[in-house]
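All ligand and atom numbering here is 1-based and tracks the order in the structure.
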Amino acid sequence: MAASEEQDSQVEAPQPAVEEETKTFKDLGVTDVLCEACDQLGWTKPTKIQIEAIPLALQGRDIIGLAETGSGKTGAFALPILNALLETPQRLFALVLTPTRELAFQISEQFEALGSSIGVQSATPGRLIDHLENTKGFNLRALKYLVMDEADRILNMDFETEVDKILKVIPRDRKTFLFSATMTKKVQKLQRAALKNPVKCAVSSKYQTVEKLQQYYLFIPSKFKDTYLVYILNELAGNSFMIFCSTCNNTQRTALLLRNLGFTAIPLHGQMSQSKRLGSLNKFKAKARSILLATDVASRGLDIPHVDVVVNFDIPTHSKDYIHRVGRTARAGRSGKAITFVTQYDVELFQRIEHLIGKKLPVFPTQDDEVMMLTERVTEAQRFARMELREHGEKKKRPRGNAGDDDDTEGALGVRNKVAGGKMKKRKGR
Ligand code: AMP
C-alpha cells in the first residue's frame, strides 16, 4: 500500500491480517449467493483491491479506491452494493457514474453477470442530468450508493457542474465509492464535497506501470510516422494491437490507411455513433479485427483482455493518459509491449512521461533501411486514405437517401486493400 502525496485527509486501510492468497470471497463477508456468482464467472479468489475494499464497504464505510486498470475494481464496488441490495431490495438503489458510455456498458455487464441469479437490472441511460430534468417521475431521492469510476476523468472532462447538480439531488445519507487508477487534486476537492470520513484503499504505488510491461520509445521524424507504424505492425505480426491517436480525425485516417494496406484495423472514437463504437469494440474483443485505433475515449477502464501491443502513435498530451493507455496491455499477469512514437515536436512531453513513471525507456530496435523500403506503398495508401476521408465527409453532408454505409460499423472504411491487396509484407532488396 502506498500513501498518495495529494491526499492526507483519509485514513488508510489496515494491511490485511491474513495472507492474501488464502482469502476467499466468503472470508470477506460476501453472501453465499454472490460467492456462487463469482465462482461461475471463474473468479476463484478475490483480487487485492477486492480484499481491501470489500470488507470496509460491507461495514458501511465510504471508500476511495486507488487501483490499476484490470485490478478487479468493478467487482470491488459491485459486490458490496449487491450484497446490500439483497438485504434491503428497492428500485434505484445505486448510481454509477463513468466518463464514457463504453465503460458504463461494461460495468453494467459485470453488475448483471454478478447479479443474474438475484434478478438485478441495470441501465446505461446516457446523460443523467437530462433524465433528471426531463423524465417525469425519475428521481434519485431513495438512492443508497453513489459510485464514481475513473473519478479523476469525470472531473477533468469538465463534468464538474453536472456532478454538483447530481450531488444536490441525491440523499446525503448514502454511501460513496470513488475509484480511479490516478488521482488528481480536483478529486480531492470532490472528496470533501461528497465523502464522509472515507477510507483509502490503494493496491499499488502511485503511477506504477506493471512489471511485465516492456516499454519502448521510437524517436522518428514526424513525416515518417505512418511508415514506422506499418513497419512495426509487420515486425510484430500475429499480435493484437491498440494504437492511440490524439484526434478522431487522425484515428479515422490511420484506420483507412492501414486497411488500404490490408491490415484488419478498426476505429473507435467519439465522433462515431454509440452503436458503431460498441460494434468496433465487440469486433475487436471477438478477435475479428487485430488492430483497434482509438482516441483516449478507449484508454481507460475498458476491459479488452487480449491486447499484446499498445502503440502511442500520437504521444499523449497529459502524461497520466500514458499510464491508462499502456494499462491496456500486460494485464492479469500476461506480458505486453508499449511503443511510444516521439517526434521532433514531442520531446518535452516524452520527458514528462519518463519523469512520471520514474524510468528511462529503451529505444525500440528498427532496421531503418527496411522501414524506408515501405515508403512508396505507404505514400500511395495515404493518398487513398485522404480521398476516402474527403468522400466520407461529403457523404455525411448530403441528405441520406438510404442508410447505406453510415449503418456500417466501420463507417468510412468501405474500401479495402487498394494498395496491397492483402497483408503487407516487407519487400527486401528492391
Ligand atoms: P476491472 O478492473 O473491474 O475492469 O476488471 C478487470 C477484469 O478482471 C474483468 O474482466 C473482471 O471480470 C475480472 N475480475 C474481476 N475480479 C476478478 C477475480 N476476483 N478473479 C478473476 N477475475 C476477476
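Atoms of ligand 1 found under 4.0 Å from any heavy atom of Lys45, numbered from 1 in the order shown, are 18 (C), 19 (N), 20 (N). Near Phe25, the atoms of ligand 1 lying under 4.0 angstrom from a non-hydrogen atom of the residue are 19 (N). Those atoms of ligand 1 with a heavy atom of Thr74 less than 4.0 angstrom away are 1 (P), 3 (O), 4 (O).
For the pair Lys225 and Phe313, the distance from NZ or CZ to the six-membered ring centre is under 6.0 Å and the angle to the ring normal is within 45 degrees.
Checking Asn250 against Thr247 by side-chain atom types alone, no donor-acceptor pair falls below 3.5 Å. In the model, Gln215 has no side-chain atom that pairs as donor or acceptor with a side-chain atom of Lys337 under 3.5 Å.
Residue-to-ligand polar distances place Gly72 within reach of ligand 1: an N/O pair is separated by less than 3.5 Å. At a 3.5 angstrom cut-off on N or O pairs, Gln106 does not count as close to ligand 1. Between Lys73 and ligand 1, a contact under 3.5 Å exists for at least one N or O pair.
Checked against the 6.0 Å centroid criterion, the rings of Phe350 and Tyr217 qualify as a close aromatic pair. In this structure, Tyr145 has its ring center under 6.0 Å from that of Phe177.
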